[in-house]
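Below, chain A is the first sequence line, B the second, and so on; all start at residue 1.
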Number of protein chains: 2
Amino acid sequence: MQKQQTLSRNQKIIFDLIDKSPEPMKAYSILFNVQKKGIKAPLQVYRALDKLVEIGKIHKIESRNAFIACQNSSCQISKATAFSICESCENVSEISNTKLSKYLSNFADSSGMKYSKYNLEFFGLCKKCKSK
Amino acid sequence: MQKQQTLSRNQKIIFDLIDKSPEPMKAYSILFNVQKKGIKAPLQVYRALDKLVEIGKIHKIESRNAFIACQNSSCQISKATAFSICESCENVSEISNTKLSKYLSNFADSSGMKYSKYNLEFFGLCKKCKSK
DNA sequence: AACACTATGTAATAATATAACATTTACATG
DNA sequence: CATGTAAATGTTATATTATTACATAGTGTT
Ligand SMILES: [Zn+2]
Ligand SMILES: [Zn+2]
Ligand SMILES: [Zn+2]
Ligand SMILES: [Zn+2]
């Protein structure tokens, strides 16, 4: 079980938009889409995004500067994220694989560093694009 | 063995700068540092960076928008990168771990996607920062 | 020389993100 | 209910990161 978060007005508007989107959304595209709802400035968007990322409702796809709703029933593990990205159609989906997340969460190397978080992005061609 | 690449003038200037830097460098900081050598415009920097990334001499740290020289004797595997990032001092180093890279290169899930590349970023506290 | 290819130079602009400051709302606690 | 405090909001300006468009120059091959 995870702590239930109540989203504020702006956070809810922006989360709903991202959650409905079939693809990752960029900040300024979000801004454009919520202007009719009274959210007028980049900072309002970025603040909501920061919060949503923090509580694991969305994730940032770093290589794309874009945001996607968590596909993992709101990641307990917003600190352990993995995505698969099609380099042709730019489809992105969150990988939910227990073995992988265990392997990476337990990873330790010789550096003496204690890892508390990771983000993994896989790139390739999705089924559809492969068969073209 | 890998194909030996000859770097062009701008590419060499920019690679040398990044290679000497103890920390990842950002594009505009690179620009600032090479202006005395005649590289005056962002595009000149970005073009060199693109090429250097392509041939595996440097890597981009996506979560930081910064560039680091390959610490792996010029990655044969510029398609399989892993980094450890200290969230306190921002020290970044490239992880070279055969088991990890094998595990990830062979990773396959149920999506039917063929992965040809990955990038992994671990976050935490380095030895030094941990003991503070 | 003619060609293809890679790299360079320059100006303008697009896209992404944050700083600074003022105000308002939610809500715990005396 | 009053008061304090943390979280969220609103607004303007600005910083940072990256690309478009177009012109020119070098490099190597035939
Ligand atoms: Zn998730
Ligand atoms: Zn695809
Ligand atoms: Zn490398
Ligand atoms: Zn550190």
Rounded to the nearest angstrom, tell me the gap between atom [atom1] in [X] and atom [atom2] in [N].
X       : N      : atom1 : atom2 : result
B/Ile61 : D/dT17 : CD1   : P     : 14 Å
A/Ile13 : D/dA8  : CD1   : C1'   : 13 Å
B/Asn10 : D/dT27 : CG    : P     : 13 Å
B/Phe32 : D/dT17 : CZ    : P     : 15 Å
A/Gln44 : D/dT12 : CD    : P     : 10 Å

Is any side-chain N or O of A/Lys51 closer than 4.0 Å to OP1 or OP2 of D/dA8?
yes
If you compare every side-chain N and O of A/Lys40 against the phosphate oxygens of D/dG10 (OP1, OP2), does one of them come in below 4.0 Å?
no
Cationic N near anionic O, under 4.0 Å, A/Asp16 to A/Lys12:
yes
Does the pair B/Arg64/B/Glu121 count as a salt bridge with the N-to-O cut at 4.0 Å?
no
Qualifying residue, where the test is side chain to side chain contact (heavy atoms under 4.5 Å, CB included) with B/Ile30 and the options are B/Ile39, B/Val45, B/Ile13:
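Answer to the side chain to side chain contact (heavy atoms under 4.5 Å, CB included) test with B/Ile30 among B/Ile39, B/Val45, B/Ile13: B/Val45.
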Axis bend over the full length of the helix from C/dA1-D/dT30 to C/dG30-D/dC1, computed from five pairs that close each end, to 10 degrees:
30°
First encountered from the 5' end of DNA chain D, between B/Arg64 and A/Gln11:
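Its nearest nucleotide being more 5', the pick is A/Gln11.
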Would you compute the distance between atom [atom1] of [X] and atom [atom2] of [Y] and round it to the nearest 0.5 angstrom?
X        : Y       : atom1 : atom2 : answer
A/Leu120 : A/Thr81 : CG    : OG1   : 8.0 Å
B/Ser21  : B/Ile68 : OG    : CD1   : 8.5 Å
B/Ile58  : B/Lys51 : CD1   : NZ    : 12.5 Å
A/Lys26  : A/Leu31 : NZ    : CG    : 14.0 Å

Please answer whether the main-chain N or O of A/Ser63 pairs with a side-chain N or O of B/Lys60 as donor and acceptor at a distance below 3.5 Å.
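Between the backbone of A/Ser63 and the side chain of B/Lys60 there is no qualifying donor-acceptor contact (under 3.5 Å).
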Given 3.5 Å as the limit, does a donor-acceptor pair link the side chain of B/Asn106 with the main chain of B/Lys102, or not?
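Present.
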Would you check if there is a donor-acceptor pair between the side chains of B/Asn10 and B/Ser8 at a distance under 3.5 Å?
no
Pairwise side-chain contact, A/Phe67 with A/Leu52, heavy-atom cut-off 4.5 Å (strictly under):
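The answer is no, as the side chains (C-beta and beyond) never meet within the 4.5 Å cut-off.
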Summary of protein contacts for nucleotides 18-26 of chain D, nucleotide by nucleotide, where a base hit scores B, a sugar-phosphate-only hit scores S (4.0 Å, heavy atoms):
BBBB-----
Chain A contact limits on DNA chain C, taken 5' to 3' with a cut-off of 4.0 angstrom to heavy atoms
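Taking any atom under 4.0 Å from a heavy atom of chain A, the span is C/dT16 to C/dA20.
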